Amino acid sequence: SSEKESVNSNHLQLATDWPFPFHGNPFGAGGVGGAWWFMYEPFAYYLPMTGEYIPRLAENWEIDGNDVKVYLRKDVKFSDGELFTAEDVINTVNFIQALWGWPYDIKEVKAIDSNTVIFTLTSTNFVHTLLTDGAIASLAPLHVYSDFAEQAEEVAKIGKEIFYRQIEGQEVSEEMRNQYNKKADELAQKVRGFSVFNTFGRVPVVGSFEPVNISQVEMKLERNKYHWLNSKQKIDDIIFKRWSSNEYVWASLISNEIDAAHPNMPKDVVEQLNNLNSRLKVISVSDLSDISLIFNFKKQMFNDLALRKSIAYILNRDTIRDVSSWQANSYENYYAYGLLKSMSNEWIDEANLNKFTKYSQNKTLAEQILEEAGYKKDNGIWHQSNGNPVEFTISVYGPHNDWVLAAREIVQQLKSFGFKVDMKLIPEGMRDNVMRTGDYDVAIEFGTAWWGYPHPLTGYRRLYEGDIALITGFPSTEKYLTPWGELAPKDLIEELNNNLYDEIKAKEIIEKLAYITNEYLPIIPIKEKVLPIYFNNGFRVQGWPDEKDPIWSLAPGGIERVYNLLIGEGILYPIE
Amino acid sequence: MRQKLVELVNVNKIFSKGFIKKNHKIVLEDINLELFSGDRLVIIGESGMGKTTLARIMVNLEPKSKGDIYWMGKNINKLSSKEKKELSPKIQYVHQDPYGSLHPSKTIFKILADPLKKNEKIVGKNLYNKTLELMEKVGLSPADYYLNKYPHHLSGGGRQRLAIARSLTTNPQVIVADEPISMIDMSLRTTIIELFKELNNEDNLAIVLILHDIGAAKFFTYEKGDVIILYGGKIVEKGRGIKILSNPKHPYTKVLINSTPIVDPELAKNRKIEQLRSYEVPIRTPESKGCPFSHACNQFAQKCLEENPKLKKIEDNHEVACHFC
Amino acid sequence: MINNLKIFYHNYINPLIVNKKSLFGLCILGFYILMAIFGPMLITLDLNSNFAERYQRPSFKHPFGTDYFGVDIFRQIVHGSRTVISLALLASFFSVLIGTIVGVTRGYLDGFMGKIIDIFIMVFLVIPSFPALLILAAIFMDKELNTIQLSLLVAIWLWAPLAKQISAQVLTIKSREFIEASRLLNMSLPYILFSDILKLLIPYIFMNFVLQIKSTMEFSVGLMFLGLAKFEATHWGVMLNYALYQAGALYTVKGFHYLFFVIFNIVLLIYGGILLSRGVEEVFNPRLRGDQ
Amino acid sequence: MKTIIKVEDLQALYLVKEGTIKAADGISFSILENTVTAIVGESASGKSTIIEGITKTLPPNGRIISGKVYYNDLEILTLKDEKLRQIRWKEIALVPQASQQSLNPTMKIIDHFKDTIEAHDIKWDKRKLIEKASEKLEMVRLNPESILFSYPMQLSGGMKQRVLIALSLILEPKVLILDEPTSALDVLTQAYIINLLKELKRKLNITLIFITHDIAVAAELADNVAVVYAGNLVEYNSTNKIFNNPLHPYTKGLINSIMAINKDMSKIKSIPGNSPSLLNPPSGCRFHPRCVYSIEHCKKEKPLLHNLKDGSQVACHLYYEEERVNETKTCRIS
Amino acid sequence: MDYFIKRIVYLILVFMISVSIIFVLVNNMPGDPAFGLAVSIAQQRNMEIEQALEIARRMIGVSEDMSFIEGYIKFLSNLLRGNFGYSTFYNTSVNEIIAKSLPWTIFVISLATLLSFLIGVYLGAFTAHKKGTIIENIISTLSSIVQAIPPFVLAVLILFLFSVRLKLLPMGGAYPVGLTPTISINFIFIIFIHALGPVLATAIPQTASWILTMRGNTTQVMEEDFIRFAEMRGLKDRVIAGKYIRNNAILPLIAGLAISLGYMLGGHTLVEAIFNYPGIGFYFARAIAVRDFSLLTGLFSLIVIGVVITTFIAEIIYIIIDPRVKMK
Ligand SMILES: Nc1ncnc2c1ncn2[C@@H]1O[C@H](COP(=O)(O)OP(=O)(O)OP(=O)(O)O)[C@@H](O)[C@H]1O
Ligand SMILES: Nc1ncnc2c1ncn2[C@@H]1O[C@H](COP(=O)(O)OP(=O)(O)OP(=O)(O)O)[C@@H](O)[C@H]1O
Ligand SMILES: [Mg+2]
Ligand SMILES: [Mg+2]
Ligand code: NI
């Protein structure tokens, strides 16, 4: 019976995970997970593939130094019919600054008129986030949160002041701190206890769908009749099932319980799914990230480039890809230069690339490298020059099944080469802890990830300054020999940051960074991760775009944005 | 020489539940008795009269509430632990239930040999011989056939013999047996009593038997020995066995003997068994007054309800606690 | 000595062989124990994946077929049996050991100390064992526990029911008359505890040991499953995890045998344990076999 | 008087791991209406087996191999289950030996009465039931008010025994069989029950069969005594004859070993030896290993129960010989 | 009465100690409660995890300055006032979470227990009466095998078979989101249908163990003297099998029934995760994963209370229904 019911009403069924209970207050209990993008809107969406910004709440914007002037769309209304104005934006910024202590990158926000806001930022680095973050524009409508608005403004102000003083190395008085803590706590207490559902009987949101019913396992959103795209939109409701496990999602896809999802799925399962449900289609788009082997440079052994190089030659990255996620972009017979394969052409010329070392499986070469570096094979096990065996563990975050499969394969390949390698699972919830305390030898991680600002800078930052650098401790301030002389990656990043908009200069720097990365291997990229997107075409809805459609490149870091776009533009529509 | 082995002076046993006097239950009241080497003593009473309690107090398995107990002239409350170790094996106890008092998964040899090893410090071949000897003594034959058997291979009588043999492993001077024949077959009861008689005659062991079978008591004390009749935790009659059992004085003893079946069908058919006014076992508390038997006695008087009669001598070797004797 | 062995055989071993259930259970367990001891020596294992040959049907070359990685399932089962069985046996052993010691002590101690031990036992009864085990495992996760430590960790959450039962048993045995007789015969406390009391408990303890194997199996599989025990690719729990979750064997027709043979072996091993314990129960529980 | 129960060549055995226990081996006797018959014998001699065989209530591993049992003219052993069920308790009531555990611990006494009458399709309303049950309980001198609504747990052993007797009287059966009704009881209670049974017999016109291993109890109560030894009926006679002139050597020994108070203590003497195992009973006469009169013939041939001229029945070769060679009789038995 | 007071004091003591042990254990768990939230923030906002972590910490207001002892005292005093704590991850009181989810869990496990108990008792008695027949053999072998299957495997099998392949059962959840809970036959039916998967997964192994215990008890009771006596009185087989055998054989199981309810509270985690069922087991798994310590201790305490209370109830029930115990 459920089949019929679902088919008759115009709805889309999806899966996501959310912390329940949610009181309609994004600053209070729970949350809505992936439904977020249907409820709240950023100023714009950004399509990495075309580099194009798709205006959402903002019709337009002007950047003037650190000032960003945003012209709001005029016909935007909350789902209760209230008009969306500059005041709502200001209130939202105050709220998130007061309650989350972020983003202090916004120094000031002012309304010029009801449809124009002007942001003063601390640096232009933040522009992209300002425009695309789902929280900054529409989270806290003034008419909903008016009771707390003043207090929030005050707290945000003090918070910012303290922050800037600290940055500038000024002293912050104890009194100020206490005052801040007291006021911030007071506000937090009040806001946390505030249930929008209870007070308003609904949750007025600016997005195209309003949540009407959220239980622990299912979440129902109804179309926002006041949304500016309402007339084009043909889908009435969205139902989210809880993504409790990948298997559950597989099962739901087969049984048409959900219309689209992006779980990792072994090849044979996919084949079988197609047998069981012929409507099921799969496309894969780049996840704008790669899976890599990262090293703990605090451990002496991995500071030896010869070892890292040999590992790069030992591994057959094709096999690893096949086993772990067959749709992924293979890196076998390819470089390890910190750029995503799918984006490579944009940043490095083919000719220059050919000068780089290509890593394809070559065990003889690996042996040769090791022997030259003083390693010896004894009883089938390689030993370092100090006599110790080459022995380490590969840690992998347990819940990600593709990572685990990759790790198993890597361990096996290294083992059969003659390294003593073991695998260690990091259980759910422990990844941060383990990685940050450096309690690992080698690990599987996202190497370069470009979801934020799709530019190689993001990736290199991660490697040499950001998350990965923090975990691995790769000496990025040291100088490395390159055809261009001795260079330190850290310096190059600085330079790149400064020449971001100078395309030619930037490419030059990127080439240098790529060279260092490829030659000195702070990480070994295994494969470019893809999002395998499965959808039931023609069961409840139809109109899914082609795999090549650039709209899919919006998927990494929030696939619901794609669905939102598709629904809003009427591309996705119910079957007759 | 007659050695005084066990003496009980004014022993009382009260089971107390909480502090309320009413809930205290007097199970034994002013028990006095002496036991010399070579004595035979039978304690008779019905269920719930305190026989087991008395026997257990005698062998110090249970503490008394009041009074004194002497073993070989020594107050058992003042024994040093060494003395206790020496004396207590001399006074052995045989349980009523030969099924429960033997370890079910030990061989007969082990049951006898372990305490022998411990108490007599015998080992090796001697141990084996001594075990056989004990078994022969209690009439468990062929002894070597049974050595590796388990208690459940024996009949009830056999088990009781084994329990007796086990109590002999410490070379005791006194054996207190709590209803040793009640769980065994009629036709075997005689043999067990005969065994006790033998032990008493041959080894000069003092034997205390607790019985409710009056015929068996009479048979046991036929040659010599005393009988104690317990009612409601009190000794109501005491003296030379054959005398009391043939010519009882206390109304309770009379009823008891009168109720015992006799093997003469002619007599039995016509005799009228005297019925008591009540068959309840009296519960005595510190507040109870009068003779414990008064509620059932057919010849009670006002005095019986008020005053608890003391044990008084009516002739040599015969004491009775009744206002009317 | 020989005599003792004979008696032991007669009392404990022979009845087990005579009873059909326990014999069958014994055979199963014996088979797996032999497999754990000698299997890895006799049968080699190449874990290198061969993706092209994945999910091969059972054949002469691969008795259980191949798995998602194209590795022989049978050989993995053989190699994994060592960890699985040693952990299960050790953990059962420890839990029975702790349970017996605490239970006997409790049974023999009256009064205040007894009450305290009671509470102690009860506490371990009311704390739900599996989640507690998860937490303990998480606490010790990075400590690289060896099999003995791991089995202790499992045993901690399993001994309490046994201790409770044993203490109740000791309490009744203690009041049995032959214990009193032993005391009257001047026998020492150790004699009473170990010869008199424990002797009667042995079948019971043995029965529990076998019964525990089931729980410890489940626990150890669960631990690996959740990545909380040292990762071993051939551990049956890990294989099950791979089959069920990583490789989705349930969802493909091709991979069904992968899942099936892993589950089959787990179930058969536990089933063997259950059968043996049933048999032991029938053989040694006088109530079930009548008083012969 | 008329024969109410007639047993012919009853053979029953138990299946055990080690083999078969021949617990009733060719038992034949008949019981007259309104008499009291005692079955005596030592423990494990097969007394219970005989009466359970007669009533077809052997435990699951018990088997009746052969024999016929007539109740009046009805052959019991070949009756259909349902028919048999209807006879049970209504015509023949058997109060079992282990009476301490014979009541359902989770049911009140009154419910036992209720179940019993309902089983025999008697429709009494509650008042009538209580009235009837009280009547029977008073007969055994129990206080109905407190007993009827208590659980078996709350009763002492003697009380339970009496409850069972009361229960057995509720349908006023023709034949009442009691398995060791007094052996677990005190002297006074035992005397009381004996008295009670005597009265019952007088008042109720009932045929009573009871088992005891205390031959003295038989003397008190029975008209006839059947002596059982190792699965065989060795002597069946009137009580007077049994006690005054026991025929079978075992009966003699039994009477001599009784420690009754009215006996000459110096004459009390136990029977030597042990009772045989019924798994492999001795050949020929089962008593021969313990018998002082045993002759070679006893080892070989099993003596059958034989009617003597005076109506006594005995199974002993000595009396066979008597029939055959009349003169030897007096000198052999003294 | 005395007995009850003693028992209650005893159980309270047990509860306090257990809860304390749990508190210590949980608070020694490695991990950062803010991490789980940080991951989702990082994903939503395209930001580095480091930054997300800071936001997450602020959002859930983790204050690290409370000492262990202070925390413990606060926890205990809260607990005694019926306050199970404040979930850092869900940003709400644990009581609210419990109120929302416990009913579902109780619903499923009671249903499963009831179902398995009834079937188990029936089949157990049945097999005992049919001793030695093929049916008995099949049932008991099957029960043994079912017991040997790890419960999570069973759960996945049921989900795949009944929901995915046969489409007989809905795909998890408690009821479809479109429905507003009403008290109508239809809705109750839907609730039952949705609960069926988890109920089956829980009930099947349970049934097997009830069958086996019931069979053992029945066999034992059948050998009791009072059964033979009932036969001797000519009672009908039906009456004997019911009032005499069954009633006495069930008695020891009743205590186990309440206790097993208590224990299942703790063991339901995996099943709920697999069936996507909104019970507390779901939160339990989540709480461990995201290191929500206070939620974890809160749920643990709840389970311990559940076990303690059911133990107590079991004792009382036992006293009420078994006259033998009442007398003592
Ligand atoms: N531990 C105890 N607590 C309370 N009362 C007890 C205890 N032990 C025995 N009694 C009571 O003491 C009285 C005497 O008991 P005892 O066992 O000595 O009697 P007995 O004459 O040996 O009886 P039986 O013939 O039944 O063995 C009984 O009323 C009994 O209920
Ligand atoms: N259910 C049974 N299974 C096996 N053997 C049995 C069973 N019941 C009785 N026996 C054996 O059958 C023989 C006769 O037993 P029965 O109970 O008839 O003797 P009894 O004369 O009534 O003994 P008691 O005086 O002890 O009641 C004994 O050897 C006994 O061990
Ligand atoms: Mg006694
Ligand atoms: Mg009998
Ligand atoms: Ni439906």
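All values derive from a computational prediction rather than experimental measurement. In what follows, chains carry the letters A, B, and so on, assigned in the order in which the sequence lines appear, proteins first and then strands, with residues in each chain numbered from 1.
Contacts between D/T212 and chain B at a heavy-atom distance below 4.5 Å are absent for every atom of the residue. With a 4.5 Å cut-off on non-hydrogen atoms, B/F219 touches chain D through its backbone and its side chain both.
Among the residues in residues 242-259 of chain B, those with a non-hydrogen atom closer than 4.5 angstrom to a non-hydrogen atom of chain D are B/Y252, B/V255, B/L256, B/I257, B/S259. Of residues 189-200 of chain D, those residues with a non-hydrogen atom less than 4.5 Å from any non-hydrogen atom of chain B are, in numerical order, D/T189, D/Q190, D/A191, D/Y192, D/N195, D/K198. Residues from residues 234-241 of chain B never place a non-hydrogen atom less than 4.5 Å from a non-hydrogen atom of chain D. Among residues 213-220 of chain D, the residues having any heavy atom closer than 4.5 Å to a heavy atom of chain B are, in sequence order, D/H213, D/D214, D/A216, D/V217, D/A219, D/E220.
Counting heavy atoms from C-beta outward, D/L188 and B/E46 have side chains that approach closer than 4.5 Å.
In this structure, CD1 on D/I268 lies 13.5 Å from CZ on B/F220, to the nearest 0.5 angstrom. To the nearest 0.5 Å, the span separating CG on B/D264 from NZ on D/K263 amounts to 11.5 Å. Rounded to the nearest 0.5 angstrom, D/I261 CD1 and B/I214 CD1 are separated by 6.5 Å. In this structure, CG on D/L254 lies 9.0 Å from OG1 on B/T190, to the nearest 0.5 angstrom. Summarising the geometry, atom CG belonging to D/N262 is positioned 7.5 Å from atom NZ belonging to B/K218; distances are rounded to the nearest 0.5 Å.
In plain terms, the two heavy atoms of B/D213 and D/M259 that are nearest each other are OD1-O, 4.3 Å. Residues B/E194 and D/S270 share a closest heavy-atom pair of OE1-OG, 2.8 Å.
Heavy-atom contacts from other residues, nucleotides or ligands closer than 6.0 Å to OH of B/Y145 number 12 or fewer. Environment of NZ in B/K149: crowded, with over 12 heavy atoms of neighbouring residues, nucleotides or ligands closer than 6.0 Å. With a 6.0 Å radius and a threshold of 12 heavy atoms from other residues, nucleotides or ligands, D/L279 has its CG atom above the threshold.
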D/F243/B/V263 under side chain to side chain contact (heavy atoms under 4.5 Å, CB included): CA gap, chis, key distance, verdict: CA-CA 7 Å; D/F243 283 94; B/V263 283; 4.0 Å; yes
Evaluation steps, side chain to side chain contact (heavy atoms under 4.5 Å, CB included), between D/N240 and B/E266: CA-CA 7 Å; D/N240 275 339; B/E266 285 306 318; 2.7 Å; yes
